[in-house]
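Attaching a single structure in structure tokens format; questions to follow.
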Amino acid sequence: MTDAALQEARGAVGRPRLLTFLGTRPEITKLSPILPLLDERAAHTVVHSGQHYSYEMDAQFFEELGLRAPDHSLAVGSASHGEQTARMLSRLEPLLLDLLPDAVLVQGDTNSTLAGALCAAKLGIPVVHLEAGARSFDRLMPEEINRIVVDHVSSLLLAADDVAGANLRQEGCAADRIRIVGSTAIDAVLQVRDRLDGSTVLQRFGLTPGAYLAVTAHRAKSTAPDVLPGLLGALGDIAARQPLVWPVHPRTRAAMREQQLVMPASILVTEPLGYLDTLRLVRDARALLTDSGGLQEEAAVLGTPTLILRDETEWAYLVAAGAHKLIGNTPQSVRDGAARWLTAEGLAAIRATPIPVTPGAARRAVDATLASL
Ligand code: UD1
């Protein structure tokens, strides 16, 4: 079916025309509460960059979240940042020129977010950025560069919280472009929370609720040759004392291969897990150790104490509230953080902290987006 015929079939003719551009696992989950609302209220086209393409990093998430298939896929695959972003730009541009949407919606901080925003902005198409204003203040993170560029070419900045809003104003973004809508990661977890008991992940890996730790680490900083060997060593030591399970991201696996590292035998390793298995694993863990941005918020909704394997975080409100602890990624800091917080008293103190979690971001984001067109 052609795009026009598809839009007609959806009863979308005469409505605002919105194009959502996404490409990776976190964008799929964080946009999942929004996509059906946009299908209802706009002539909505979904374009997938193809940055993530493995079943377990991509299609599985569409299936589990009950999302319709994207209308177009650019199939860019993996490459260096420059090459990957360039492929997205050159493949998206003709599509945008053909469809001429009223606005393009992007989420987060990935190379797909950057390419979608840049391509639209250079064609004079307004960009709506969901999760605007999140900052780690670490410009060595590729994601930090992406966020800054995207925010500064966007027309509407949908920020998760007041801190993000203040970051944007600090950088000179006009206040009338900023809306504080909350975080859709929270809505995404809430919409599947009742289904988590159906996950068989604990049985499959022989895990007892409350008696294991969950770990993820995949960021460029964690997988760098001066960090990854020490991180593996420290996590291996922790795993020698209590069960520790790690669904390993393809980037981490590739880095281990390149650096000729082997996973300590004490760590229980799995392939990347789907959304429901991941959330169940995190929900029932004694604690989560992670460098992921998305998982920090997901763990907060699920009430799981979280030690962040970084020195900074975009989700500072969770650290400020005392719900999450920044423990760094050096062998000494990880060992010290574990010794301090992975005790009955340490975990009880974290669990006793009220977690600031506000639902409803998806509807507020959609309302603000449509009102801007
Ligand atoms: C990207 C995002 C990061 C996000 C993460 C979530 C950027 C700069 N970073 O990082 O913010 O937290 O997604 O997962 O956009 N690979 C596969 N199968 C896939 C996709 C990737 O095997 O479906 C492997 C490839 O070897 C690839 C590597 O993973 O080179 C890294 O993938 P890439 O998309 O470049 O970055 P991520 O580390 O996933």
Side-chain angles (χ1 to χ4, degrees), residues 21-32 48-63 70 73-89 92 106-119 129-132 134-136 138-151 183 185 188 215-224 227-228 246-259 270-275 277-279 282 288 290-299 308-310 312-315 329:
F21 188 64
L22 50 73
T24 70
R25 198 165 65 165
E27 289 156 76
I28 300 165
T29 57
K30 292 180 190 181
L31 285 165
S32 67
H48 194 311
S49 69
Q51 178 174 347
H52 283 179
Y53 45 84
S54 306
Y55 173 76
E56 68 271 15
M57 300 289 287
D58 178 42
Q60 185 173 6
F61 286 77
F62 279 88
E63 282 171 22
S73 182
L74 307 184
V76 298
S78 300
S80 68
H81 284 250
E83 173 65 27
Q84 189 178 54
T85 311
R87 280 185 209 160
M88 292 186 210
L89 289 171
L92 180 59
V106 293
Q107 191 284 333
D109 56 18
T110 71
N111 290 345
S112 299
T113 317
L114 173 68
L118 198 54
C119 197
H129 185 206
L130 179 64
E131 202 178 280
R135 294 288 182 271
S136 65
D138 175 4
R139 291 209 178 197
L140 292 175
M141 277 179 83
E143 290 84 358
E144 185 77 351
I145 305 296
N146 291 345
R147 289 178 195 125
I148 292 169
V149 175
V150 172
D151 282 337
S183 169
V215 170
T216 78
H218 74 281
R219 289 198 176 275
K221 256 197 166 170
S222 307
T223 55
V227 171
L228 188 56
W246 184 348
V248 179
H249 186 285
R251 165 190 285 282
T252 311
R253 209 174 274 285
M256 288 181 63
R257 211 176 307 119
E258 263 164 45
Q259 297 170 40
T270 80
E271 292 302 312
L273 298 171
Y275 190 50
D277 281 348
T278 301
L279 294 185
V282 168
L288 168 72
T290 190
D291 68 354
S292 155
L295 273 180
Q296 290 175 43
E297 285 197 287
E298 289 160 1
I308 304 169
L309 298 166
R310 291 166 51 181
E312 29 49 40
T313 174
E314 325 47 30
W315 304 115
N329 61 12

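This structure is a prediction, so every number in the text was calculated from the model and none was measured. Residue numbers start at 1 and run along the sequence shown. Heavy atoms only: backbone and side chains are in, while hydrogens, waters and symmetry mates are out. Just follow the structure's listing: the first ligand is 1, and inside any ligand the first atom is 1.
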(request) Look at atom 17 (C) of ligand 1 and say which protein heavy atom is nearest, naming residue and atom and giving the distance to 0.1 Å. (result) Y53 OH, 3.4 Å
(request) For ligand 1, indicate whether the residue P26 contacts it via side chain, backbone, both or neither (heavy-atom separation under 4.0 Å). (result) side chain
(message) Against ligand 1, does D58 come closer than 4.0 Å with any heavy atom?
(response) no
(message) Geometry only, no angles: is N146 polar-contacting ligand 1 at N/O separations under 3.5 Å?
(response) no
(request) Inspect the contact between E314 and R135 and indicate whether a charged nitrogen and a carboxylate oxygen are less than 4.0 angstrom apart. (result) no
(request) May I ask you to identify the nearest protein heavy atom to atom 22 (O) of ligand 1, giving residue, atom name and distance to one decimal place in Å? (result) P250 CB, 3.3 Å
(request) Determine the minimum heavy-atom distance between V227 and S222, stating which atoms define it. (result) CG1-O, 3.7 Å
(request) Only counting residues at least two apart or in another chain, list the ones meeting side-chain hydrogen bond (donor to acceptor under 3.5 Å, both in side chains) with T278. (result) none
(request) State whether the side chain of E27 and the backbone N or O of T24 hold a donor-acceptor pair below 3.5 Å, judged by distance alone. (result) yes
(message) Between ligand 1 and S54, is the shortest N or O to N or O distance under 3.5 Å?
(response) yes
(message) Could you identify the single nearest non-hydrogen protein atom to atom 37 (P) of ligand 1 and state the distance to 0.1 Å?
(response) H249 CE1, 3.7 Å
(request) Give me the ring orientation class for H249 and H218: parallel if the planes are under 30° apart, tilted from 30 to 60°, perpendicular past 60°. (result) parallel
(request) Could you pull out, from H52, E27, R253, R219, the option with a heavy atom nearest to atom 10 (O) of ligand 1? (result) H52
(message) How close do K30 and A185 get, counting heavy atoms only, and between which atoms?
(response) CG-CB, 4.0 Å
(message) Salt bridge check, D138 against K221: does any charged N sit closer than 4.0 Å to a carboxylate O?
(response) yes
(request) Determine, using heavy atoms of A254 and all atoms of ligand 1, whether some pair is separated by less than 4.0 Å. (result) no
(request) Can you sort out which atoms of ligand 1 are near M57, meaning under 4.0 Å from one of its heavy atoms? (result) 14 (O), 19 (C), 23 (O)
(request) Determine whether any heavy atom of E56 lies closer than 4.0 Å to an atom of ligand 1. (result) no
(message) Considering both backbone and side-chain atoms of R251, is one of its nitrogen or oxygen atoms within less than 3.5 Å of a nitrogen or oxygen in ligand 1?
(response) yes
(request) Apply salt bridge (charged side-chain N to carboxylate O under 4.0 Å, His left out) to the pair R147 and E143, showing each step before the final yes or no. (result) CA-CA 6 Å; R147 289 178 195 125; E143 290 84 358; 6.0 Å; no
(request) Mark up the atoms of ligand 1 that fall under 4.0 Å of a heavy atom belonging to H81, in ascending order. (result) 8 (C)
(message) Just by distance, no angles: are the side chains of Q296 and T290 close enough, under 3.5 Å, to form a donor-acceptor pair?
(response) no
(message) So, taking the atom named CG in L114 and the one named CD1 in I148, what distance separates them when rounded to the nearest 0.5 Å?
(response) 11.5 Å
(message) Suppose we measure from atom 27 (C) of ligand 1 to each protein heavy atom; which comes out shortest, and what is that distance?
(response) S78 OG, 3.3 Å
(message) Within ligand 1, which atoms have a heavy atom of D109 less than 4.0 Å away?
(response) 11 (O)
(message) Please report whether ligand 1 has a polar contact with H218, defined as an N or O pair separated by less than 3.5 Å (distance criterion only).
(response) yes
(request) If a pair satisfies salt bridge (charged side-chain N to carboxylate O under 4.0 Å, His left out) and one of its residues is in residues 50-61, list it, with sequence neighbours excluded. (result) none
(message) At less than 4.0 angstrom from any non-hydrogen atom of Q51, what atoms of ligand 1 do you find?
(response) 1 (C), 7 (C), 15 (O), 20 (C), 33 (P), 34 (O)
(request) Using distance alone, determine whether E143 and ligand 1 share an N or O pair under 3.5 Å. (result) yes
